[in-house]
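Below: one structure, written as structure tokens.
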Amino acid sequence: MTRIRTEPVALDPTGKDPHTEARILRNQGPAARILLPGGFPAWSITRPHTIRALLTDDTRVSKNPVHWPAWRDGRVPDGWPLAALVRVTSMLTRDGEDHRRLRAISAPAFAPRRIDALRARVTAIAADLLDTLEARAVPGEPADLYEHLARPLPTRLICDLFGVPDGLRPDALRAVDGVLATATTARQAAENIQHLDAVMEALLREKETRPGEDMATDLLTARDGDGRPLRRREMLDTLALMIGAGAETAVNLIAYGIAELLTHPGQLRLAVCGDVPWDAVVEETLRTHPPIMHMPLRFATTDIHLPGQCDGEQDVTIHAGEPILPGFGAVGRDPALHREPDTFDITRTTKSHMAFGHGPHYCLGAALGRMEAAVALPALFDRFPAAQLAVPLTELVPLPSFISHGLAELPVHLTRRGTPGG
């Protein structure tokens, strides 16, 4: 039965237990009162019906922070942990025609034909990383597969695609990681924004001086349907979004896929033997461990009445100007959609989720992330069939974020001998 809280839920900025937090929010009704970092009140929506309704309603819900009085009036400090995701001028904060214009310029880079063409490149990167792991493996000592496989595979690919010079790559990846961290001080958050701008500006200047056959150069020369180029601010923010989203989702997906399969050896054997396709493994990982738990932010442009959906559940009214935080990560574990929703089971027939969002802002890189995981996971277990987690799944350290749902490290004992899951 739904229990109504009188006090809002303060989101844990460390992301320590996002699924318990999601369950608490889901049980509050069609929308739940929350506090964002800094004590800013907002609404969380975690139920699939409500998410679909609000995220396809461009008359009552907007991505543009101009509708939020606290932002409009300058009451949100530069060092607010979510400022980097709200202040941008990119697809992330635009609606309607302006959003379609920016998306149309970026979408060709992630067209199905281009994704298929990248599979060989992903396979080569995975093989190179696994060669290095095998050469450097020390018997009896675990290897960090987050640092040496899950993270470098997608980040190397996305940096290749955008032509990021080798010398700039560490700064670019550190900058992207910084803006997704929610457990930061105001000073750290402000420095993260400045660092991100500086790195993206350096990348653009590099491409202006030495253009190449890459997506960053494409942005400099791109034109919309009316022949207009992107403004400088749009270029900077689009670059940050594409590099960040293009890497972060796949990194988290690969890391949790490895961890879950090593925790469930019987299911690993099913995948390795071909009884269950690797695409099914990827979808079950997305369902149970969505790479993004929450995607800031939407804003009500008018009062929105949400009727209670269960017996005895109270109606909710989101007032004009109030922020809305879609909890995409909660959908995959919704008990109304899935039997035993917290159980990882690659054989289940229904694996519905919203790991890549919903509606007009659905993640452009969804197909790329799926493909990277579908290549990386079998490559790992073909090379190291008897790999074992060095610590239980429950002891793995999460990323310090309620936005990005991933692992900070993944210690695994590697060995070529033995059978998968043995």
Side-chain angles (χ1 to χ4, degrees), residues 84-85 88-92 102 105-111 114-115 117-133 136 144 146-181 191-223 229-252 254 364-365 368-369 371-372 375-376 404 406:
L85 299 172
V88 295
T89 305
S90 70
M91 290 179 284
L92 201 60
L102 293 169
I105 287 173
S106 305
F110 298 95
R114 295 198 69 169
I115 301 302
L118 287 172
R119 182 176 290 271
R121 175 62 181 149
V122 173
T123 301
I125 293 173
D128 180 54
L129 293 170
L130 292 170
D131 286 344
T132 302
L133 268 171
R136 296 179 180 177
D144 184 357
Y146 172 81
E147 190 63 31
H148 297 292
L149 179 62
R151 189 169 191 265
L153 192 157
T155 55
R156 186 189 297 185
L157 178 70
I158 204 70
C159 285
D160 287 350
L161 293 179
F162 279 87
V164 182
D166 290 343
L168 195 59
R169 292 188 180 196
D171 280 341
L173 299 178
R174 187 166 63 252
V176 169
D177 288 345
V179 301
L180 294 174
E191 289 175 348
N192 287 340
I193 291 175
Q194 293 173 359
H195 184 218
L196 182 67
D197 277 350
V199 171
M200 294 304 125
E201 180 62 36
L203 177 56
L204 280 184
R205 289 179 179 175
E206 168 73 18
K207 294 305 161 184
E208 288 170 333
T209 303
R210 285 179 286 274
E213 295 183 2
D214 55 69
M215 296 182 189
T217 300
D218 291 346
L219 280 179
L220 284 168
T221 58
R223 298 292 184 270
L230 289 175
R231 296 184 287 272
R232 191 70 169 190
R233 182 76 258 169
E234 290 175 333
M235 289 183 192
L236 293 170
D237 293 341
T238 296
L239 270 178
L241 173 62
M242 303 288 273
I243 292 174
E248 188 71 16
T249 51
V251 170
N252 297 344
I254 293 169
L364 273 175
L368 178 60
M371 183 269 285
E372 288 172 301
V375 169
S404 183

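The minimum heavy-atom distance linking E248 with S404 is given by the pair OE2-OG, 2.5 Å. Among all heavy-atom pairs drawn from I158 and A247, the shortest one is CG2-CB, 4.0 Å. When every heavy atom of L173 is checked against every heavy atom of C159, the shortest pair comes out as CD2-SG, 4.2 Å. Scanning all heavy atoms of the two residues, the minimum distance from F162 to A216 falls at O-CB, 3.2 Å. For G246 against E372, the heavy-atom pair with the smallest separation is O-OE1, 4.2 Å.
Scanning for salt bridge (Lys or Arg N to Asp or Glu O under 4.0 Å) contacts around R114 gives an empty result, with sequence neighbours left out. Shown here are the side-chain hydrogen bond (donor to acceptor under 3.5 Å, both in side chains) partners of T238, two or more places apart in sequence or in another chain: there are none. With sequence neighbours left out, the side-chain hydrogen bond (donor to acceptor under 3.5 Å, both in side chains) criterion links D171 to R174. Residues passing the side-chain contact (heavy atoms from CB on, under 4.5 Å) test with P108, sequence neighbours excluded: none. For D214, the side-chain hydrogen bond (donor to acceptor under 3.5 Å, both in side chains) partners two or more places apart in sequence, or in a different chain, are K207, T217.
Between L157 and L368 there is a side-chain heavy-atom pair separated by less than 4.5 Å. Counting heavy atoms from C-beta outward, P229 and T221 have side chains that stay 4.5 Å or more apart. Counting only heavy atoms from C-beta outward, the side chains of I243 and M200 approach each other to under 4.5 Å. Side-chain contact between L219 and M242 is absent, with no heavy atoms from C-beta onward closer than 4.5 Å.
Under the side chain to side chain contact (heavy atoms under 4.5 Å, CB included) test applied with M91, the options L241, D237, I105 reduce to a single match, L241.
Within the model, atoms CE of M235 and CG of L203 stand 12.0 Å from one another, a figure rounded to the nearest 0.5 Å. Atom OG1 of T123 is separated from atom CG of D128 by 12.5 Å, given to the nearest 0.5 angstrom. L196 contributes atom CG, which lies 9.5 Å from atom CG of L239 (distance to the nearest 0.5 angstrom). Here I125 contributes atom CD1 and L130 contributes atom CG; the two are 12.0 Å apart, rounded to the nearest 0.5 Å. For the atom pair CG (L168) and CD (E206), the distance works out to 8.0 Å, reported to the nearest 0.5 Å.
Proximity of a side-chain donor or acceptor of N192 to a complementary backbone N or O of V179 within less than 3.5 Å is not detected.
Between E208 and R232 a salt bridge is recorded (basic side-chain N to carboxylate O distance below 4.0 Å).
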_Test side-chain contact (heavy atoms from CB on, under 4.5 Å) on D160 and R169; report intermediate values, then the result._
CA-CA 10 Å; D160 287 350; R169 292 188 180 196; 2.7 Å; yes
Show which side-chain atoms of residues 146-154 pair as donor or acceptor with protein atoms under 3.5 Å away, not counting sequence neighbours.
{"from": "R151", "atom 1": "NH2", "to": "D177", "atom 2": "OD2", "distance (Å)": "2.5"}

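Summarising the local packing, CZ of R136 is surrounded by 12 or fewer heavy atoms from other residues, nucleotides or ligands at distances under 6.0 Å.
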